[in-house]
Amino acid sequence: MRKEVVLITGANGEIGHGLISHLSEIDKTHILALDVMPIDDELKPKCERFIQGDILDNMLLGRLVAEYEIRAIYHLASILSTKAEYNPETAHKVNVEGTLNLLRLAVEQAGWQGKPVKFLYPSSIASYGLPDLQMKNNAGKVKEEDWCNPTTMYGCNKLYCEHLGRYYTKYYRQLAAEGSQSGIDFRAIRFPGLISAITTPTGGTSDYGPEMLHHAAKGISYKCFVRPDTRLPFMVMPDAIKALLSLESAPKKSLTKLVYNVTSFNPSAQEFYDIVLDAFPNAQISFEPDYARQGIVDSWPADVDDEAAKKDWGWSPEYDQQKAFLEYLIPAVKKRYQ
Ligand SMILES: NC(=O)c1ccc[n+]([C@@H]2O[C@H](COP(=O)([O-])OP(=O)(O)OC[C@H]3O[C@@H](n4cnc5c(N)ncnc54)[C@H](O)[C@@H]3O)[C@@H](O)[C@H]2O)c1
């Protein structure tokens, strides 16, 4: 008998940390964790098994199909937006070919099991691309269908993988003689910038928010790489985990979309700075915009419309801006760096 598991790729990343801790607490889910990097010691006992390996390694993925009954996949492994711009072709390989490998694995699993495999995909506001700052400032709450003209390799990868998810779910091998269903139940969330109190980001372009906070808590000076007026949507990690788990458990018939916006609050960088300085009066933060990274952030929406997520699967963030900082981020980072 093959053991039933939930596969988490990119398990050692920021979302992986939150997701593994949460999943291992709320029920008896057996977690099969995969990451190209070694996994943190504290996560190991929470997983059925950890495999250090690459999502581009098809032999490895083939072995997983043979050994486990994978009922759901949280495909988190990715090269994030800033890192991806330094090596776009490698990013494309990992972000797109890697996702294709996981989709293929899901098709095989669904075939063996005779039932759909859920494929949870964390997309990003990087899938959007507004042409200039004026458009961004006038766009209001951007809907899923609007402004899908990403300007980064990462954003192109995310948007294309959303399309792959749609293809595999609805049109897979549509010319086959008897029709062919992939058996994949693809569900994606376009996340805003995520802020965790327990991990620090690496390689994203919304990182200025969490970096400001973690540097202040550590007593290290920080140069913010965007202008004070820069505005992006953000969310704290517990809400990101809540969103993933809520979407996973939503009845299929209530879902009108494959890709959903979610958001929580959207401070400007100046407002972020003010809150951080209030909590850490000795913080040394200066604004020294990097114009290339600023250009990327200026192409991402200042706010997104998450009405569909609210209506279809009851999405509602636990943390608004005040609660996020006062009850989660500030106490937790203070404790962490004490
Ligand atoms: N953190 C955010 O603000 C944010 C926002 C929107 C979307 N997302 C998406 O959520 C997912 C997880 O993000 P995160 O913040 O945890 O990122 P992260 O960079 O912290 O984690 C990604 C993990 O993937 C692993 N990885 C990279 N290449 C791999 C490969 N070839 N094979 C196996 N593992 C590999 C890395 O070692 C890392 O542990 C990503 O797909 C990201 O695009 C994140």
Side-chain angles (χ1 to χ4, degrees), residues 7-22 32-40 43 50-61 64 73-85 87 90-102 105 119-128 150 152-162 165 188-211 213-214 232-241 243-244 247 259-264 296-297 300-301 304:
L7 171 64
I8 302 180
T9 71
N12 195 51
E14 286 209 278
I15 298 185
H17 273 76
L19 185 63
I20 289 173
S21 299
H22 208 86
L32 176 59
L34 173 70
D35 202 294
V36 76
M37 301 299 285
I39 200 160
D40 282 354
L43 293 180
F50 168 69
I51 298 169
Q52 186 172 356
D54 195 323
I55 55 167
L56 295 175
D57 181 349
N58 276 314
M59 295 281 277
L60 168 64
L61 299 184
L64 298 187
I73 299 171
Y74 290 85
H75 175 41
L76 312 179
S78 168
I79 294 187
L80 271 57
S81 53
T82 296
K83 269 194 193 159
E85 284 312 299
N87 202 334
T90 302
H92 183 277
K93 244 187 176 358
V94 172
N95 294 346
V96 175
E97 287 179 31
T99 301
L100 200 65
N101 290 347
L102 268 302
L105 179 150
F119 196 103
L120 276 296
Y121 184 67
S123 190
S124 161
I125 53 165
S127 294
Y128 296 110
T152 59
M153 176 54 97
Y154 173 76
C156 293
N157 296 162
K158 286 290 179 195
L159 187 60
Y160 179 65
C161 287
E162 293 175 7
I189 294 180
R190 281 196 193 143
F191 279 118
L194 302 179
I195 321 171
S196 170
I198 58 161
T199 52
T200 45
T202 48
T205 315
S206 55
D207 292 359
Y208 63 87
E211 281 175 357
L213 177 72
H214 283 268
L232 280 186
F234 282 97
M235 175 183 285
V236 289
M237 195 55 82
D239 271 336
I241 306 306
L244 277 172
L247 180 58
V259 179
Y260 289 91
N261 281 337
V262 292
T263 188
S264 180
I296 293 176
V297 176
W300 292 350
V304 292

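Computed over heavy atoms, backbone and side chain alike; hydrogens, waters and symmetry mates excluded. Both counts, for ligands and for their atoms, begin at 1 and track the order of listing. Predicted model, so just to flag it, every value in this text is computed and none were measured.
Considering backbone and side-chain atoms together, A77 places no N or O closer than 3.5 Å to any N or O of ligand 1. Considering both main-chain and side-chain atoms, H75 never comes within under 3.5 Å of ligand 1 through any nitrogen or oxygen pair. In terms of N/O distances under 3.5 Å, ligand 1 is approached by V36. Considering both main-chain and side-chain atoms, G16 never comes within under 3.5 Å of ligand 1 through any nitrogen or oxygen pair. Ligand 1 has no N or O atom lying under 3.5 Å from any N or O atom of F191, backbone or side chain. Ligand 1 has no nitrogen or oxygen under 3.5 angstrom from a nitrogen or oxygen of S123. In terms of polar-atom proximity, defined here as any N/O pair under 3.5 Å, L56 makes no such contact with ligand 1.
Closest of all the heavy-atom pairs between Y121 and C161 is OH-CB, 3.3 Å. Residues F191 and L244 share a closest heavy-atom pair of CZ-CG, 3.8 Å. Pairing each heavy atom of I125 with each of W300, the nearest pair is O-CD1, 3.9 Å. When all heavy atoms of V94 and I79 are compared, the closest pair comes out as CG2-CD1, 3.8 Å. Across all their heavy atoms, I15 and I241 have their closest contact at O-CD1, 3.8 Å. The minimum heavy-atom distance linking P201 with P210 is given by the pair CG-CG, 3.7 Å.
Using a non-hydrogen distance threshold of 4.0 Å, D54 registers as a contact of ligand 1. For the pair I79 and ligand 1, no heavy-atom separation below 4.0 Å is found. Taking a 4.0 Å cut-off on heavy atoms, Y154 registers as neighbouring ligand 1.
With E14, M237, K93 as candidates, the residue nearest to atom 14 (P) of ligand 1 on a non-hydrogen basis is E14. Here the shortest heavy-atom distance to atom 44 (C) of ligand 1, taken over I15, D207, N157, belongs to I15. Proximity annotation for atom 27 (C) of ligand 1: of A91, S127, C161, S78, S78 comes nearest, heavy atoms only.
Considering only non-hydrogen protein atoms, atom 37 (O) of ligand 1 sits nearest to D35 OD1, 2.6 Å. Nearest protein heavy-atom neighbour of atom 19 (O) of ligand 1: L80 CD1, 3.7 Å. Taking atom 11 (C) of ligand 1 as the reference point, the nearest protein heavy-atom neighbour is L76 O, 3.2 Å.
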Please step through side chain to side chain donor-acceptor pair (under 3.5 Å) for the pair D35 and N12, ending with a clear verdict.
CA-CA 6 Å; D35 202 294; N12 195 51; 5.3 Å; no
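In the vicinity of G13, heavy-atom distances shorter than 4.0 Å reach the ligand 1 atoms 16 (O), 18 (P), 20 (O), 21 (O), 39 (O). For ligand 1, the atoms lying closer than 4.0 Å to a non-hydrogen atom of P122 are 9 (C), 10 (O), 11 (C), 41 (O). Close approach of ligand 1 to P192 is summarised as follows: ligand atoms under 4.0 Å from at least one heavy atom of the residue are 5 (C), 6 (C). Heavy-atom contacts of G53 reach the following atoms of ligand 1: 32 (N), 33 (C) (cutoff under 4.0 Å). Using a 4.0 Å cut-off to heavy atoms of K158, the atoms of ligand 1 that qualify are 40 (C), 41 (O), 42 (C), 43 (O).
The main-chain N or O of S81 is never found under 3.5 Å from a side-chain atom of T205 such that the two would form a donor-acceptor pair. Side-chain N or O atoms of T9 include one that pairs as donor or acceptor with a backbone N or O of L76 at under 3.5 Å. Side-chain N or O atoms of Q52 include none that pairs as donor or acceptor with a backbone N or O of I39 at under 3.5 Å. Under the 3.5 Å distance criterion, the side-chain polar atoms of D207 are matched with a main-chain donor or acceptor of G204.
For the pairing with N101, the side chain to side chain contact (heavy atoms under 4.5 Å, CB included) check across L56, V96, I55 returns one residue only, L56.
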